[in-house]
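To start, the structure under review is shown below, and the notes come after it.
Because the structure is predicted, anything quoted here is derived from the model rather than measured. For the single chain, residues carry numbers from 1 onward in sequence order.
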Amino acid sequence: MELLQELPDLSAYLAADEVIDHEHPLVRQEVQRLKAESGDAYSYAKAAFEFVRDAIPHSNDAGDPRVTWRASDVLRLKTGICYAKAHALAALLRAEGIPTAFCYQNLGVIHGLVAVRLPGRDGRDGQGGWARQDPRGNKPGVDARFSLDRERLAFPVRPECNEVDYPVLYAAPHPVVLRALQTATDRESLWPHLPTEL
């Protein structure tokens, strides 16, 4: 599948906003810790991915009722569903100048992940240098890995079940995703209102 940038200007995929608040002190603190443990952009991106995947439990897996949507809150509370974890990873990557986009799959409900563009990725892979990553969190039957060469997502789509990979790389989280997160009082109230289409 060819990934398509929503916006042509790569700087849009580095922006901070209310959701991807990568200038927040808590985000900056985590960036500094990750930088101290990594050498180059690739190792930093991999470390950030593994931190979000492994150290921040998916709230449904953990039975955590809290709903997070702002990157700094995901880091502070150490919880979030796929969308929120994607927001946290984007903040950590964008803070280090790594273009990061939001992308989605339709698995019956919308599933959120990110795409990264690292230095040296020249686009000869047919994806314009972008590589999708899924920080959702592993569990039995789910084994997502950081990879630039071959996708290792949590959930490969099953076309026979009408599941779809959306090719668009969004510069900001999709409004239907944000609306669902921001209007939920807890995870139980969120679950019946997860978006089923973009």
Side-chain angles (χ1 to χ4, degrees), residues 1-15 17-20 45 48-49 52-53 58-60 67-71 74 80-94 98-118 121 123-139 141-184 190-198:
M1 174 183 68
E2 184 179 355
L3 299 174
L4 308 170
Q5 281 182 219
E6 173 194 27
L7 301 173
D9 186 352
L10 210 52
S11 68
Y13 297 90
L14 294 168
D17 59 21
E18 182 185 18
V19 181
I20 314 306
F49 168 84
V52 173
R53 182 194 65 189
H58 188 287
S59 56
N60 192 53
V67 175
T68 53
W69 53 269
R70 183 178 289 116
V74 176
I81 66 168
C82 61
Y83 313 131
K85 292 183 67 162
H87 300 168
L89 179 56
L92 293 173
L93 296 174
R94 288 182 178 190
I98 299 171
T100 307
F102 300 95
C103 42
Y104 301 93
Q105 297 172 306
N106 189 328
L107 306 172
V109 294
I110 300 301
H111 175 61
L113 45 153
V114 301
V116 298
R117 187 176 177 129
L118 285 166
R121 299 266 302 165
R124 285 182 289 179
D125 56 6
Q127 297 186 30
W130 291 97
R132 296 190 305 168
Q133 312 295 328
D134 191 342
R136 179 233 180 264
N138 290 340
K139 62 180 185 173
V142 175
D143 186 27
R145 304 281 173 163
F146 185 83
S147 177
L148 300 180
D149 302 322
R150 178 175 69 91
E151 287 190 337
R152 299 284 307 271
L153 305 179
F155 306 109
V157 298
R158 299 167 299 171
E160 68 276 12
C161 297
N162 296 319
E163 295 177 350
V164 177
D165 277 317
Y166 293 114
V168 176
L169 301 174
Y170 295 95
H174 197 284
V176 301
V177 166
L178 274 183
R179 187 168 36 258
L181 292 172
Q182 292 173 335
T183 58
L190 170 63
W191 235 237
H193 301 287
L194 288 174
T196 56
E197 58 184 39
L198 295 181

side-chain contact (heavy atoms from CB on, under 4.5 Å) between Leu178 and His87, worked out: CA-CA 10 Å; Leu178 274 183; His87 300 168; 4.1 Å; yes
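- With hydrogens and angles disregarded, no donor-acceptor distance shorter than 3.5 Å links the side chain of Asp143 to the backbone of Asn138.
- Using a 4.5 Å cut-off on side-chain heavy atoms (C-beta onward), Leu148 and Leu118 make contact.
- For the side chain to side chain contact (heavy atoms under 4.5 Å, CB included) with Leu194, the qualifying choice from Val109, Val177, Leu181 is Val109, the only one to do so.
- For the residue pair Pro195 and Tyr83, the shortest heavy atom distance occurs at CD-OH, 3.5 Å.
- Between atom CG of residue Leu93 and atom CG of residue Leu14 there is a gap of 10.5 Å, rounded to the nearest 0.5 Å.
- Note: Glu163 CD to Leu107 CG = 5.0 Å, rounded to the nearest 0.5 Å.
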side-chain contact (heavy atoms from CB on, under 4.5 Å) assessment of Tyr13 paired with Glu6: CA-CA 10 Å; Tyr13 297 90; Glu6 173 194 27; 3.7 Å; yes
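- Nearest approach of Val52 to Pro135, heavy atoms of both residues: CG1-CB, 3.9 Å.
- Proximity of Lys139 to His58: side-chain heavy atoms (C-beta onward) are nowhere separated by under 4.5 Å.
- Annotation: side chain of Arg145 is in contact with side chain of Arg53 (closest heavy-atom distance under 4.5 Å).
- Looking at heavy atoms from C-beta onward, Thr100 lies out of side-chain contact with Leu89 at the 4.5 angstrom threshold.
- Rounding to the nearest 0.5 Å gives a distance of 7.0 Å between OH of Tyr166 and CD of Glu197.
- For the atom pair Leu169 CG and Phe102 CZ, the distance stands at 11.0 Å (nearest 0.5 Å).
- Annotation: the span from Gln105 atom CD to Phe155 atom CZ amounts to 8.5 Å, rounded to 0.5 Å.
- Of all non-hydrogen atoms in Asp134 and Ala144, the two that sit nearest each other are O-CB, 3.4 Å.
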Audit row: Tyr170, Leu198, side-chain contact (heavy atoms from CB on, under 4.5 Å) steps and yes/no: CA-CA 12 Å; Tyr170 295 95; Leu198 295 181; 4.1 Å; yes
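- Note that CD1 of Ile81 and OG1 of Thr68 are 8.0 Å apart. Values are rounded to the nearest 0.5 Å.
- Nearest heavy atoms, Gln133 versus Ser147: NE2-O, 2.7 Å.
- Taking each heavy atom of Cys82 and Arg136 in turn, the nearest pair found is CB-CG, 4.4 Å.
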Verdict with supporting geometry, Trp69 and Arg179, side-chain contact (heavy atoms from CB on, under 4.5 Å): CA-CA 10 Å; Trp69 53 269; Arg179 187 168 36 258; over 6 Å; no
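- Heavy atoms only, all atoms of each residue included: Ala115 and Cys103 are closest at N-SG, 3.8 Å.
- In this pair, Phe146 and Phe49 present their aromatic rings tilted. The plane angle is within the 30 to 60° band.
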